[in-house]
Amino acid sequence: MPLCFIALVPPEDLKEKVRSLKEEIHRKYGAKRALRLPAHITLQPPFKMESSRLPLLHNTIREFALARHAFPLKLEGFGAFPPRVIYIDVVDPGPLKSLQNELLKVLQKDLLTREENLREFHPHITLATRDIARNRFKAVWEDFRNREFDETFIAEGIYLFQHNGKTWDISTEFTFGN
């Protein structure tokens with residue numbers, strides 16, 4: 001049964017900037033888990049989907065995306081979920097929260113259970129997760145907490161990721177209908 005998740009993905013130049021920050025954290029602090037994924041903002045956390053239901057999932061996401069418009073997203077500064085996660089913060093997450101809420105309503109009609117969506121949605125781009133040693137978290141956070149990061153991009157669609165057994169791959173891009 002494939003393991004999937006749904007996210008927004010920034011353009012290549014921004015993905016590279018984020019990757020270089022992840023690589024810096026790996027070099028300095030040993031945390032490398034976040035390098036398994038390209039930069040993204042999760043809309044639907046990982047869930048299992050029967051292979052026979054993947055076409056329905058694709059059609060549902062495609063129809064959802066076509067009914068949406070591209071919109072700007074501003075990323076500014078860094079945040080943390082102590083003691084294991086460092087991330088790039090999303091400024092004015094309102095539009096993202098609306099998009100995520102609408103997507104969940106559509107997915108819960110036929111595809112997902114409510115239990116798969118119990119986490120509070122806090123949009124961000126993860127730089128380090130879970131494999132930061134507890135005794136190193138403070139050092140990583142001190143390194144990043146006052147750094148500047150200021151980027152804007154246009155969210156032009158949503159992406160379905162699938163796990164290949166080792167890393168996550170973008171399976172399909174669903175472009176917003178402008």
Item checked: Pairs flagged by ring-ring contact (aromatic ring centres under 6.0 Å, His included) wherever residues 82-111 is involved - sequence neighbours left out -> F81-Y87, Y87-H122, Y87-H124
Next item on the list: Give the C-alpha distance, both sets of side-chain angles, the deciding distance and a yes or no for side-chain contact (heavy atoms from CB on, under 4.5 Å) between F149 and D89.
Entry: CA-CA 9 Å; F149 190 91; D89 209 6; over 6 Å; no
Check: Under 4.5 Å between any side-chain heavy atoms of V140 and L127, yes or no?
Finding: no
Item checked: Interatomic spacing from NE2 in H163 to NZ in K48 - rounded to 0.5 Å -> 11.5 Å
Margin query: Can you give me the closest heavy-atom contact between D92 and P95, atom names plus distance?
Written below: O-CD, 3.4 Å
Note to self: Ignoring hydrogens, what is the shortest heavy-atom contact between T152 and P72? Give both atom names and the distance.
What the structure shows: CG2-CB, 4.4 Å
Item checked: Contact check, side chains of F144 and I25, non-hydrogen atoms, under 4.5 Å -> yes
Notebook entry, point to check: For residues 22-42, which residue pairs qualify under salt bridge (charged side-chain N to carboxylate O under 4.0 Å, His left out), counting only residues two or more places apart or in two chains?
Noted result: R19-E23, E24-K28, E24-R147, K28-D143
Next item on the list: Find out whether F176 and F71 are in side-chain contact, i.e. whether some heavy atom of one side chain is under 4.5 Å from a heavy atom of the other.
Entry: yes
Margin query: I need the minimum non-hydrogen distance between R136 and I132, along with the two atoms involved.
Written below: C-CG2, 4.1 Å
Could you list the donor-acceptor pairs under 3.5 angstrom formed between side-chain atoms of residues 54-63 and any protein atom two or more places apart in sequence or on another chain?
from, atom 1, to, atom 2, distance (Å)
N59, OD1, R62, NH1, 2.9
N59, ND2, P55, O, 3.4
T60, OG1, L56, O, 2.8

Margin query: Could you see if L96 belongs to whatever hydrophobic cluster contains F174? Use Ile, Leu, Val, Met, Phe, Trp, Tyr and a side-chain cutoff under 4.5 Å.
Written below: yes
Next item on the list: Kindly give the heavy-atom pair with the smallest separation between Q162 and S171, and that separation in Å.
Entry: OE1-OG, 3.3 Å
Notebook entry, point to check: Do L103 and F161 share a hydrophobic cluster (ILVMFWY, side-chain heavy atoms under 4.5 Å, transitive)?
Noted result: no
Next item on the list: Please answer: with hydrophobic residues joined when any side-chain heavy atoms are less than 4.5 Å apart, are V90 and V18 in the same cluster?
Entry: yes
Next item on the list: Is it possible for you to say whether L37 and L75 belong to one hydrophobic cluster, with membership spreading through side-chain heavy-atom contacts below 4.5 Å?
Entry: no
Notebook entry, point to check: How long is the span from the CD atom in E50 to the CE atom in M1, to the nearest 0.5 Å?
Noted result: 5.5 Å
Notebook entry, point to check: Taking C-beta and beyond as the side chain, do E151 and F153 meet within less than 4.5 Å on heavy atoms?
Noted result: no
Check: Are side-chain heavy atoms of Q100 and Q44 found at a separation under 4.5 Å?
Finding: no
Checklist line | Residue pairs passing the ring-ring contact (aromatic ring centres under 6.0 Å, His included) test where at least one lies in residues 16-36, sequence neighbours excluded | finding: none
Note to self: With heavy-atom distances below 4.5 Å as the criterion, would you say the side chains of I88 and F78 are in contact?
What the structure shows: yes
Donor-acceptor list for residues 2-15 side chains, cut-off 3.5 Å, not counting sequence neighbours:
from, atom 1, to, atom 2, distance (Å)
E12, OE2, K15, NZ, 2.8

Item checked: Nearest heavy atoms of L43 and L104, plus distance in Å -> O-CD2, 4.4 Å
Item checked: Partner set under side-chain contact (heavy atoms from CB on, under 4.5 Å) for E148, not counting sequence neighbours -> none
Notebook entry, point to check: What is the distance from atom CD1 of I158 to atom OG1 of T172, rounded to the nearest 0.5 Å?
Noted result: 11.0 Å
Notebook entry, point to check: What is the minimum heavy-atom distance between F121 and P123, and which atoms define it?
Noted result: CE2-CG, 3.6 Å
Margin query: Test of understanding: clusters of I, L, V, M, F, W, Y form through side-chain heavy atoms closer than 4.5 Å, transitively. Do I125 and L160 belong to the same one?
Written below: yes
